[in-house]
2 protein chains.
Amino acid sequence: MVKGGKAVAGRSGRPRVGEERLSRDAILQAALRIVDDEGLDAMTMRRLAATLGVNPMSIYHHLPNKAAVVAGLAELVFAELNNSTPPTGESWQEELLGAANAYRNALRAHPNLAFQVLADAAAVSDVVVVTVEPFYRALDRAGLAPRDIFEAVNTLIDFIHGFSLGEASVRAETFELAPDLVDRVSKLKPGQAPTLIRIVDELGADGLHYEFDDGFAIGLSVFVAGIAARFGL
Amino acid sequence: MVKGGKAVAGRSGRPRVGEERLSRDAILQAALRIVDDEGLDAMTMRRLAATLGVNPMSIYHHLPNKAAVVAGLAELVFAELNNSTPPTGESWQEELLGAANAYRNALRAHPNLAFQVLADAAAVSDVVVVTVEPFYRALDRAGLAPRDIFEAVNTLIDFIHGFSLGEASVRAETFELAPDLVDRVSKLKPGQAPTLIRIVDELGADGLHYEFDDGFAIGLSVFVAGIAARFGL
DNA sequence: ACCTGAACACCGTTCAAGT
DNA sequence: ACCTGAACACCGTTCAAGT
């Protein structure tokens, strides 16, 4: 963009104290804005520097490399989640649903980042660890044994991750499966997926409408019923 | 690598019939090899061309761009899954577990690709659609209503996706959580995650060992129990 | 310590030219 | 039709130099 023109004046050299133009936080906020607005690919070091009105290399004094910038963004998402009000509920079930919804919403807030966040969720940082507290609290309240809590939370969070991945990969929050799934299924060679074809046919009558909100709620209800049955509540 | 040297002879121009050096399939196989061996980042168009002994631009006559190459790889993974022997079982539960294990194994076969595969699973192609047939078959056999089958399969596959994402993000198939989780948890400010800290403490006594295989089996058992309970089987 | 400028070693892709 | 060579418009990052 600034391409041909000579660099905007901007004194070089160390700024006086209290005059720093850059900070880890300012960089991450600017990066998050770019990612939210234009996607992860648009967030290049050079572009980031440009929006900060700074030389590309200046960023490297606050973050070691681009991977660190992206990891910092993932951390921001979890930090937002941790700052949201913790879920409460009449029952452990309600509390668990509250935790799950808050988690999903945090991921939904930055769909262009969801992918990266999910990848980093494994390479856990402190912020991520704290994130599971509400889940532990709900299941502790339910009376599960420590090891069962551990496994149950892992399972539930895996589901939320997978669901969020699908949700982030699709633009609209509602979509008609009809033109998509029905159409595609109808083009399959009949021998290849007989059950699928038959089921989709029967569904087709009702009109094949899908809402992510409903899908999530149903998934959670399956999970809650499963926990209760599997761990003897 | 070939950097300074002059291009290896290699006649240019159109090869005679039956003499083509390139094909969509050959390109994808070479690309898959690079991704499996060195990761997705190593698979650049130029690198891919080099291993094929061909000019970078030649690839564009078979695939429109790099995104198409990567999408082709994702398709390969699902194709492998569809060619594996379909699961059978005494009960619908066993059949469902068989389908889930086959699905997970297909994703595990190419960990460096898992990420991309999961992203593309939403932007569904025909190969992906066929992939769900075994799940539909198991739940149809269980006697679920069409709409319930649809929702249950979505939920289960979301779980598998999330699980596989976590599995792909971690190198070893077994890891001690102790030095990782326990250590990290113990460094938290006590007010931040009291339940988590307490539960992990109690777990710490047993030795905090985690196996992905066990985690997956437990997760599946929760879902099977949940499906039975939630959909009244 | 913090910022800059120039340079290095890459990218994906377009376009015109070969056979 | 299929492959090539040169070129364009980018990347992330190193390194030496400024204050």
Side-chain angles (χ1 to χ4, degrees), chain A residues 1-28 30-31 34-35 38-73 112 116, chain B residues 1-28 30-31 34-35 38-73 112 116:
Chain A
M1 174 210 296
V2 201
K3 219 5 219 352
K6 64 170 57 175
V8 202
R11 308 135 308 161
S12 76
R14 182 184 190 186
R16 283 195 279 283
V17 227
E19 203 185 287
E20 287 84 4
R21 275 171 294 181
L22 242 41
S23 67
R24 190 188 124 98
D25 201 64
I27 293 169
L28 290 180
I34 297 176
V35 173
E38 307 174 46
L40 197 55
D41 286 347
M43 203 279 284
T44 68
M45 295 300 267
R46 295 172 119 105
R47 173 87 153 69
L48 182 52
T51 74
L52 286 163
V54 118
N55 184 288
M57 292 317 302
S58 304
I59 296 170
Y60 288 83
H61 290 275
H62 301 268
L63 290 144
N65 50 40
K66 186 178 180 177
V69 175
V70 179
L73 291 182
N112 293 338
Q116 193 56 48
Chain B
M1 174 211 296
V2 200
K3 217 12 217 350
K6 66 171 56 175
V8 200
R11 307 136 307 158
S12 75
R14 181 182 189 190
R16 283 194 280 282
V17 227
E19 205 185 285
E20 287 83 4
R21 273 170 295 181
L22 241 42
S23 67
R24 192 188 123 98
D25 200 64
I27 293 170
L28 291 180
I34 297 176
V35 172
E38 307 174 44
L40 196 55
D41 286 346
M43 203 279 283
T44 68
M45 294 300 268
R46 294 171 118 104
R47 174 86 153 70
L48 181 54
T51 75
L52 287 163
V54 119
N55 185 286
M57 291 317 302
S58 303
I59 296 170
Y60 288 84
H61 290 276
H62 301 268
L63 290 145
N65 50 39
K66 186 178 180 177
V69 176
V70 179
L73 292 182
N112 293 337
Q116 193 56 47

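Here is how names work: the chains are called A, B, and so on, in the same order as the sequence lines, proteins then strands, and each is numbered from 1. Because only heavy atoms are used, hydrogens play no part in the values below, and waters and symmetry mates are left out as well, while side chains stay in.
When each of C:dG12, C:dA7, C:dC3 is scored by its nearest atom to the side-chain atoms of B:T44, the top-ranked nucleotide is C:dG12. Distances from the side chain of A:M57 to the nucleotides C:dT4, D:dC3, C:dT13 place C:dT4 closest.
Nucleotide C:dA17: unpaired (no Watson-Crick or G-U wobble partner with both distances less than 3.5 Å). Pairing for C:dA9 is absent, with no Watson-Crick or G-U wobble pair whose two atom distances lie under 3.5 Å. Across the strands present, D:dC3 finds no partner; the criterion is a Watson-Crick or G-U wobble pair with both atom distances under 3.5 angstrom.
The distance from atom CE of B:M45 to atom P of C:dT14 is 10 Å, rounded to the nearest whole Å. Residue A:D41 contributes atom CG, which lies 15 Å from atom P of D:dC10 at whole-angstrom precision. As a whole-Å value, the separation of B:R47 CZ from C:dG12 C1' is 16 Å. Going from atom CD1 of A:I59 over to atom C1' of D:dG12 covers 11 Å, rounded to whole Å. Note: NZ (A:K66) to P (C:dC10) measures 18 Å, nearest angstrom. Taking atom CZ of A:R46 as the reference point, atom C1' of D:dT14 lies 12 Å away to the nearest angstrom. As a whole-Å value, the separation of A:L40 CG from D:dC11 C1' is 14 Å. Across the protein-nucleic acid pair, B:N65 atom CG and C:dC11 atom P stand 17 Å apart, rounded to whole Å.
Taking 4.0 angstrom as the limit, B:S58 places none of its side-chain polar atoms (N or O) nearer than this to OP1 or OP2 of D:dC2. A close approach under 4.0 Å does not occur between any side-chain nitrogen or oxygen of B:H61 and OP1 or OP2 of D:dT4.
Residue A:L63 holds its CG atom at 8.0 Å from CD1 of A:I59, rounded to the nearest 0.5 Å. Distance check, rounded to the nearest 0.5 Å: CG of A:N55 to CZ of A:R46 gives 9.5 Å.
Position along DNA chain C of the nearest nucleotide to A:N55 versus B:A67 favours A:N55 as the more 5'-ward residue.
Shortest non-hydrogen contact noted between A:L48 and A:A31 is CD1-N, 3.6 Å.
Put simply, the side chain of B:L22 does not reach to within 4.5 Å of the side chain of B:H61, judged on heavy atoms.
None of A:T51, A:V69, A:N112 except one satisfies the side chain to side chain contact (heavy atoms under 4.5 Å, CB included) rule with A:M43; the exception is A:V69.
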